[in-house]
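Below is one structure; the comments refer to it alone.
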Amino acid sequence: MASHFQSLPGFRDFYPEECAVRNHIFRLWRQAAVRFGFVEWDAPVLEPLELFTEKSGEEIRRQLFEFTDKGGRAVSLRPEMTPSLARMVGAKAASLRRPVKWFCASENFRYERMQKGRGRSFYQFNADILGEAGCGADAEIIALVVEIFREAGLKAADAVVRLSDRDLWVDFLAARVAQESVIGVLSIVDKLEREPKESILEKLAAHTKDPAGLLGEIQAFLKLRCVADMRAFFETFPEGAREKLLARLVEWDALLARLDGLGVTDWVQVDLGIVRGLAYYTGFVFEAFERSGEGRALAGGGRYDDLVAKLGGAEMPACGFGMGDMTLRLALEERGLLPQFLNAPDFYAVIGGAAEQKAALADVSALREAGLRVEYPLKEAAFGKQFKQAAAAGAAFALIYGPEEVAANQVKVKDFTSGKETTFSREGIVERLLAVRSFGLPKDPCHGHN
RNA sequence: GUGGCUGUAGCUCAGUUGGUUAGAGCACCGGAUUGUGAUUCCGGGGGUCGCCGGUUCAAGUCCGGUUAGCCACCCCA
């Protein structure tokens, strides 16, 4: 170790290569959101502790970076953005034009034990639509998830959005257990795959006289994969519960029709097994997963119509999702979807010596002014060394300013991919090289020189 | 918060039953090389062997503790 200082556990140093990857992911997020008409917002990194405990309860303090500041205030680094969003939207609820479509790409902090794809500091993209109760907002949110995946280079074979419905679960369970047991049963359902059957039955017995029967119905419910099957399933339910459940399916039809119109049907799978973290969700919920391999969760979200009133003081239906940078990065990395040479220059000027320096630097400046990425050696060096440096920097082209070229008011351009060279007049060099960057060296041999 | 595995150069790792001044490849810097880049050759910098303690004439090596990382559980807003 050159230094005895290290970054804190779970926090990352971003060397240029890492930073380029991070910025690439930010770019994917921002561009997709902006195309969908979302606007970016942000909030303080440090917030009053109560803002977070109000939503999630005292238990989450274990996972907060919380402390008392010098003014004696209980504060915490933000573990998520939704409470801040609710506060900000709630404060201006009356004057915001609806629907409110906001996104942010924020650094968040959770005091957790680290593992693959999870640290104590991470970046998360959030997009929310507030003030629209209809499923059009849910569809827009889900389509944005898919748009980000597409923009990143993923295909429908790589990732899937599993769509579930908290309302449907509540109505389904209400027909089988007491109202106050619904939440408890949902948390049991969440662990269905991870716990032995005996343990599940034992827990269900606290909520029903017929745990085996209830488990059978839940398993049948979980197997439903389309609205037609759901409808057939509910037709057998007793009057009262049946009408409510069938009415909910009308919303499902409307949502799926919109998703079809938005062209994301291939990415969406009805899967009522998505019940995790349903504490404050009130309607459609979803999570995006990799289809194969690790099966990592890439994003998750849903409708939370009551949360803004609770935290922001104003009635405001809402839905949204979050997507972390770490799992997305791993998914893209494994598929070779991270661009190479994100920091590479377009052109590297190879400069003969002091006599050629003035002409070369003048062109470098003009090219940079035009928006091209141009580098050159900061000290005099042999031609061979300069070419090595140009290649090591990942430059697409070398611009050669030797005595011959400069004397003739020319510059030789070398394409590092093909190894071919073409000589241009320095007159109008900016326009020529803008074209070279976009289309490569001209094929017309009359430009050539050999 | 619980359990398993692992810490030797920036990276990947070697290092004999404990035995002189701890090595290699890659990477980096310089040179061969003042007109052409992923090849080649030569040289250089860089290590308190994670940390603390113990056993021993002697510890990178053995023992104990600790810390960090990885993986799984818990959790996932």
Side-chain angles (χ1 to χ4, degrees), chain A residues 1-13 15 17 51-57 59-64 76 78-86 106 108-120 122 124 126 128 187 190-191 194-195 274-281 285 287 294 296-302 304 307 310-311 320-324 326-327 341 348 350-356 377 379-406 412-421 423 450:
Chain A
M1 311 288 154
S3 163
H4 51 281
F5 291 114
Q6 288 179 288
S7 64
L8 288 167
F11 287 77
R12 294 171 283 176
D13 285 331
Y15 286 89
E17 298 75 18
L51 181 65
F52 304 120
T53 55
E54 176 69 18
K55 177 189 166 199
S56 308
E59 322 75 84
I60 58 137
R61 288 182 64 170
R62 213 183 75 186
Q63 300 194 325
L64 293 179
S76 174
R78 61 189 183 196
E80 58 167 326
M81 296 302 285
T82 307
S84 305
L85 173 72
S106 60
N108 296 57
F109 307 88
R110 297 179 187 175
Y111 199 91
E112 297 187 279
R113 191 93 170 237
M114 301 80 61
Q115 54 185 276
K116 197 173 189 185
R118 192 163 76 183
R120 288 179 174 179
F122 57 94
Q124 185 164 296
N126 283 272
D128 296 271
S187 72
D190 186 27
K191 296 180 173 63
R194 282 168 291 172
E195 279 193 41
I274 299 302
V275 292
R276 313 190 315 172
L278 283 180
Y280 61 87
Y281 285 118
V285 294
E287 292 194 8
E294 307 278 331
R296 273 185 291 262
L298 297 171
Y304 51 98
L307 193 65
K310 187 177 177 188
L311 296 174
F321 74 95
M323 181 186 294
M326 295 177 77
T327 51
F341 296 119
Y348 193 103
V350 172
I351 303 171
E356 290 75 39
K379 63 181 180 187
E380 288 191 37
F383 263 63
K385 171 141 292 244
Q386 293 190 56
F387 276 100
K388 275 184 182 153
Q389 287 169 344
F397 301 94
L399 304 176
I400 301 159
Y401 293 90
E404 294 167 26
E405 287 83 4
V406 172
K412 193 186 279 182
V413 180
K414 172 163 180 158
D415 180 339
F416 274 116
T417 308
S418 66
K420 285 182 183 152
E421 296 181 345
T423 301
N450 270 328

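Partner E80(A) forms a side-chain contact (heavy atoms from CB on, under 4.5 Å) with one of N126(A), N108(A), I60(A) and no other, that one being N108(A).
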Task: Evaluation steps, side chain to side chain contact (heavy atoms under 4.5 Å, CB included), between R61(A) and F52(A) - done: CA-CA 8 Å; R61(A) 288 182 64 170; F52(A) 304 120; over 6 Å; no

Open item on the list: Under the criterion side chain to side chain contact (heavy atoms under 4.5 Å, CB included), I'd like the reasoning laid out for D128(A) against M81(A): C-alpha separation, chi angles, the key distance, then a yes or no.
Closed with: CA-CA 11 Å; D128(A) 296 271; M81(A) 296 302 285; over 6 Å; no

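The distance between atom CG of D13(A) and atom C1' of G10(B), rounded to the nearest whole Å, is 13 Å. At whole-Å resolution of the value, CD in Q124(A) and P in C76(B) are 14 Å apart. N108(A) has its CG atom 13 Å from the C1' atom of C76(B), to the nearest Å. Rounding to whole angstrom units, NZ of residue K116(A) and P of C70(B) are separated by 11 Å.
Using a 4.0 Å heavy-atom cutoff across all strands shown, K55(A) reaches sugar-phosphate atoms only and no base atom. No contact: M81(A) has no heavy atom under 4.0 Å from any strand. Residue contacts for P79(A): at a heavy-atom cut-off of 4.0 Å it reaches a base atom on one of the strands shown. Here G117(A) lies out of heavy-atom contact (under 4.0 Å) with every strand. Across all strands shown, Q63(A) has heavy atoms under 4.0 Å from base atoms, whether or not it also approaches the sugar-phosphate. Residue contacts for G300(A): at a heavy-atom cut-off of 4.0 Å it reaches no nucleic acid atom on any strand shown.
In this structure C57(B) sits in a base pair with G19(B), meeting the Watson-Crick or G-U test at under 3.5 Å. Across all strands shown, the partner of C28(B) is G44(B), judged by Watson-Crick or G-U wobble contacts whose two distances both fall under 3.5 Å. For A38(B), there is no paired nucleotide, since no Watson-Crick or G-U wobble pair has both relevant distances below 3.5 Å. Using the Watson-Crick or G-U wobble rule with both distances under 3.5 Å, C73(B) pairs with G1(B). For G7(B), the paired nucleotide is U67(B), the pair qualifying as Watson-Crick or G-U wobble because both relevant distances are below 3.5 Å.
Counting only heavy atoms from C-beta on, R62(A) has its side chain closest to C74(B) among C76(B), G69(B), C74(B).
Look at K191(A) and you'll find a side-chain N or O under 4.0 angstrom from OP1 or OP2 of C75(B).
Between the side chain of Q386(A) and the backbone N or O of A381(A) there is at least one donor-acceptor pair closer than 3.5 Å. Between the side chain of R120(A) and the backbone N or O of R110(A) there is no donor-acceptor pair closer than 3.5 Å. A distance-only check finds no donor-acceptor pair linking the side chain of E54(A) to the backbone of L51(A) [under 3.5 Å].
One donor-acceptor pair, N or O on each side, does fall under 3.5 Å between the base of C76(B) and the side chain of R118(A).
Going from the P atom of G18(B) to that of A58(B) covers 15 Å, rounded to whole Å. When the C1' atom is used for both G15(B) and A59(B), the distance is 14 Å, rounded to whole Å. For the C1' atoms, the distance from A27(B) to G44(B) is 14 Å, rounded to whole Å. U17(B) and G10(B) have their C1' atoms separated by 34 Å, given to the nearest Å. Taking atom C1' on both G47(B) and G4(B), the two are 30 Å apart, rounded to the nearest angstrom. With both ends at atom C1', the span from G50(B) to C29(B) equals 28 Å, rounded to whole Å. Remark: the separation of the P atoms in U67(B) and G30(B) is 43 Å, to the nearest Å. Taking atom C1' on both nucleotides, G64(B) is separated from U55(B) by 11 Å, rounded to a whole Å.
In this structure, the ring pair (Phe, Tyr, Trp, His ring centres under 6.0 Å) partners of F321(A), at least two apart in sequence or on a different chain, are F125(A). Partners of F122(A) under the ring pair (Phe, Tyr, Trp, His ring centres under 6.0 Å) rule, at least two apart in sequence or in another chain, do not exist in this structure.
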Where do N or O atoms of nucleotides 27-35 of chain B meet protein N or O atoms at under 3.5 Å, pair by pair?
| residue | atom | partner | partner atom | Å |
| --- | --- | --- | --- | --- |
| G30(B) | OP1 | K379(A) | NZ | 3.3 |
| G35(B) | O6 | P403(A) | N | 3.3 |
| G35(B) | O6 | E404(A) | N | 3.2 |
| G35(B) | O6 | E405(A) | OE1 | 3.3 |
| G35(B) | N1 | E405(A) | OE1 | 2.9 |
| G35(B) | N1 | E405(A) | OE2 | 3.0 |
| G35(B) | N2 | E405(A) | OE2 | 2.7 |
| G35(B) | N2 | K412(A) | NZ | 3.3 |

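Of the two residues near RNA chain B, E112(A) and F11(A), the one whose nearest nucleotide lies more 5' is F11(A). Annotation: of the two residues near RNA chain B, K414(A) and E80(A), the 5′-most nearest-nucleotide partner is K414(A).
For the pair K414(A) and F387(A), the distance from NZ or CZ to the six-membered ring centre is under 6.0 Å and the angle to the ring normal is within 45 degrees.
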